[in-house]
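One structure below.
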Number of protein chains: 2
Amino acid sequence: MVTVDAEALSEDEPRVDDRVVSHLTCHAAIFTIVEDQLSLLLTERNQGPFRFQWELPGLTPQPQEDLEIAARRSCAALLDTNWPLELQQLGAYGHPDRDPRHRSVSVIYWGVAANIDLDVAAGGEPSNARVVAFSEFTSDEFRFAFDHADIASDVVRALRRSLTQTSIATQLCPPAFTMSQLQSVYEAVFNTSVSAGNFHRKVRNTPGFIYPAGNSTRESIGKGRPPQLFQAGELVALSPPFTFEASL
Amino acid sequence: MVTVDAEALSEDEPRVDDRVVSHLTCHAAIFTIVEDQLSLLLTERNQGPFRFQWELPGLTPQPQEDLEIAARRSCAALLDTNWPLELQQLGAYGHPDRDPRHRSVSVIYWGVAANIDLDVAAGGEPSNARVVAFSEFTSDEFRFAFDHADIASDVVRALRRSLTQTSIATQLCPPAFTMSQLQSVYEAVFNTSVSAGNFHRKVRNTPGFIYPAGNSTRESIGKGRPPQLFQAGELVALSPPFTFEASL
DNA sequence: CCAAAAGTGTTTAGACTACACCCATGA
DNA sequence: TCATGGGTGTAGTCTAAACACTTTTGG
């Protein structure tokens with residue numbers, strides 16, 4: 001009984017049947033913000049099970065390909081530029097009947113992008129990809145393929161935790177941004193309102209969160225006082241973290 | 001280009017070669033505290049690559065077996081009782097050459113146990129399992145199999161984060177414990193010293209962290225004032241979290 | 001001048017640190 | 001009575017929440 005692990009791990013001649021092998025896919029959950037709404041890049045399946053339902057972009061890794069590279073590749077074609085996309089692993093999903101065809105394990109990565117221009121990326125061709133707003137993909141009517149509704153719920157939680165504990169929110173802003181743009185990132189992700197004054201101080205008092213940007217492009221097209229421009233700093237930890245609570 | 005995901009995911013007749021299948025194992029990292037030292041349950045490989053080196057207990061899941069169940073099974077035989085073991089997923093490890101034999105993906109779970117009695121579990125038979133102290137398995141001399149040194153490092157980080165943010169530390173204590181026993185859990189995990197008075201208040205002021213236990217078994221065998229006994233509460237979140245820093 | 005947005009000051013409340021201090025037991 | 005470990009009280013500090021206030025623009 002105590003050698004139960006060695007029995008499985010030390011097969012010098014592994015059998016190629018479904019006791020020792022499994023189907024493996026890597027997926028990427030890419031967040032962005034569209035019209036002040038937290039949104040997720042999804043693709044519509046056009047064949048196989050769950051046809052015409054939506055999933056996180058994914059693929060099977062190549063034999064010598066790292067899991068994260070595979071996840072990055074799964075969404076690279078859908079994103080406009082060679083974005084310096086940083087992915088973090090959410091985890092592995094492997095419930096036995098999550099895929100009706102066969103035992104399947106999916107490793108999920110997630111990241112953020114300041115903007116996603118699907119039209120540019122697709123070069124005008126029709127695409128089965130869409131950027132779906134939070135309110136839509138969390139509604140009961142939205143049709144996720146496989147267990148991707150659960151995964152989407154988990155990955156939103158991971159994003160929110162990252163926003164409270166790190167300075168990752170700057171990666172959801174353009175290269176130069178104002179304090180209220182940064183604030184609206186938090187308001188979109190948590191679907192809540194943030195006190196502007198205290199937010200301002202908390203961010204400025206966190207070393208490395210932001211750096212001042214040259215006010216060269218300040219055009220002051222708004223009504224009020226023209227804002228200062230900032231650029232993203234390093235990815236630093238917030239201590240203590242924000243205490244935002246998601247309202248949905 | 002934009003349908004790159006569909007190409008891989010929607011094969012109704014998946015080919016059984018190493019492009020679409022991979023070897024999968026589930027492992028459990030079980031922490032416990034032995035003589036005030038954070039320790040990890042490890043097994044020595046007795047065949048295959050990395051023979052006589054140490055790994056987290058693991059196995060290949062059965063076709064219809066959930067990943068977490070498989071991880072639990074991998075260490076169940078090594079633990080004395082049917083401990084109500086709660087496992088959390090750490091993540092998936094799948095670097096292409098982490099196993100010299102073939103492409104291999106390992107999903108790691110972790111949990112804590114108040115005590116591990118290997119002799120009782122093995123029923124007196126010789127076992128290839130050992131509870132290894134932190135100072136030993138983090139030393140340069142210690143020989144981990146595969147990439148399990150990286151995994152061990154990551155899982156210690158996950159444990160420490162859980163201790164700062166939740167009340168999981170009570171699960172590393174016996175059913176009834178004193179405040180200083182609980183405190184020594186933190187001191188062992190973070191290899192640091194904790195101010196007793198402030199620790200006491202922080203724990204008592206967190207609703208659900210602990211509940212008073214009947215002082216029936218108080219035997220007051222020590223020198224000083226007899227301590228109160230507590231029992232574990234629910235697994236609650238600490239807000240704000242502890243701010244302990246690991247000293248190693 | 002007024003409205004609106006940006007940014008700063010000020011007050012209050014909560015929580016941690018540090019350290020002093022009481023409590024209850026064994027020797 | 002003293003040493004020892006358990007537990008509480010308290011002052012100083014740091015931070016955040018709430019809200020008033022100033023600054024700078026457009027109409």
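Computation of the quantities below employed the complete heavy-atom set of this structure, encompassing side-chain atoms and omitting hydrogens, waters and symmetry-equivalent molecules.
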### Message
Contact list please: residues 182-201 of chain A against DNA chain D, heavy atoms, distance less than 4.0 Å, in numerical order.
### Response
A:N198, A:R201

Rounded distance in Å - [atom1] ([X]) to [atom2] ([N]):
X      : N      : atom1 : atom2 : value
A:M179 : D:dT24 : CE    : P     : 17 Å
B:N205 : D:dT8  : CG    : P     : 10 Å
B:L229 : D:dG6  : CG    : P     : 12 Å
A:K223 : D:dT25 : NZ    : C1'   : 12 Å
B:F244 : C:dA15 : CZ    : C1'   : 14 Å
B:R225 : D:dG6  : CZ    : P     : 10 Å
A:L238 : D:dT15 : CG    : P     : 13 Å

### Message
Taking the six-membered ring for Trp, are A:F146 and A:F144 closer than 6.0 Å centroid to centroid?
### Response
no

### Message
Any heavy-atom pair between the side chains of A:I210 and A:V203 that's under 4.5 Å?
### Response
yes

### Message
What I'd like to find out is whether the side chain of B:Y93 reaches to under 4.5 Å of the side chain of B:I108, using heavy atoms alone.
### Response
yes

### Message
Any side-chain N or O of B:Q228 below 4.0 angstrom from OP1/OP2 of D:dG7?
### Response
yes

### Query
A:T243 side chain N/O closer than 4.0 Å to the phosphate oxygens (OP1, OP2) of D:dA17?
yes

#### Entry: Side-chain donor or acceptor of A:H148 paired with backbone N/O of A:E55 under 3.5 Å
no

### Query
What residues form a side-chain hydrogen bond (donor to acceptor under 3.5 Å, both in side chains) with B:E136, not counting sequence neighbours?
B:R130

## Note on the structure
DNA chain D nearest-nucleotide lookup for B:R204 and A:K202: closer to the 5′ end is B:R204

### Query
Base, sugar-phosphate, or nothing for B:S180, non-hydrogen atoms under 4.0 angstrom?
sugar-phosphate

### Task
Please list all pairs passing the ring pair (Phe, Tyr, Trp, His ring centres under 6.0 Å) test where one or both residues lie in residues 162-187 of chain A, with sequence neighbours left out.
A:Y186-A:F199, A:Y186-A:F242, A:Y186-A:F244

### Summary
So the stems of DNA chain D, runs of at least three Watson-Crick or G-U pairs (under 3.5 Å), are C:1-27 with D:1-27

### Query
Which residues pass the side-chain contact (heavy atoms from CB on, under 4.5 Å) test with A:T166, sequence neighbours left out?
A:S162, A:I168, A:L235

### Query
Considering only D:dG7, C:dT25, C:dA15, which nucleotide approaches the side chain of B:P240 most closely?
C:dA15

### Query
Between the side chains of A:Y211 and A:E234, does any donor sit under 3.5 Å from an acceptor?
yes

### All pairs passing salt bridge (charged side-chain N to carboxylate O under 4.0 Å, His left out) where residues 150-174 of chain B contributes a residue, at least two apart
B:D154-B:R157

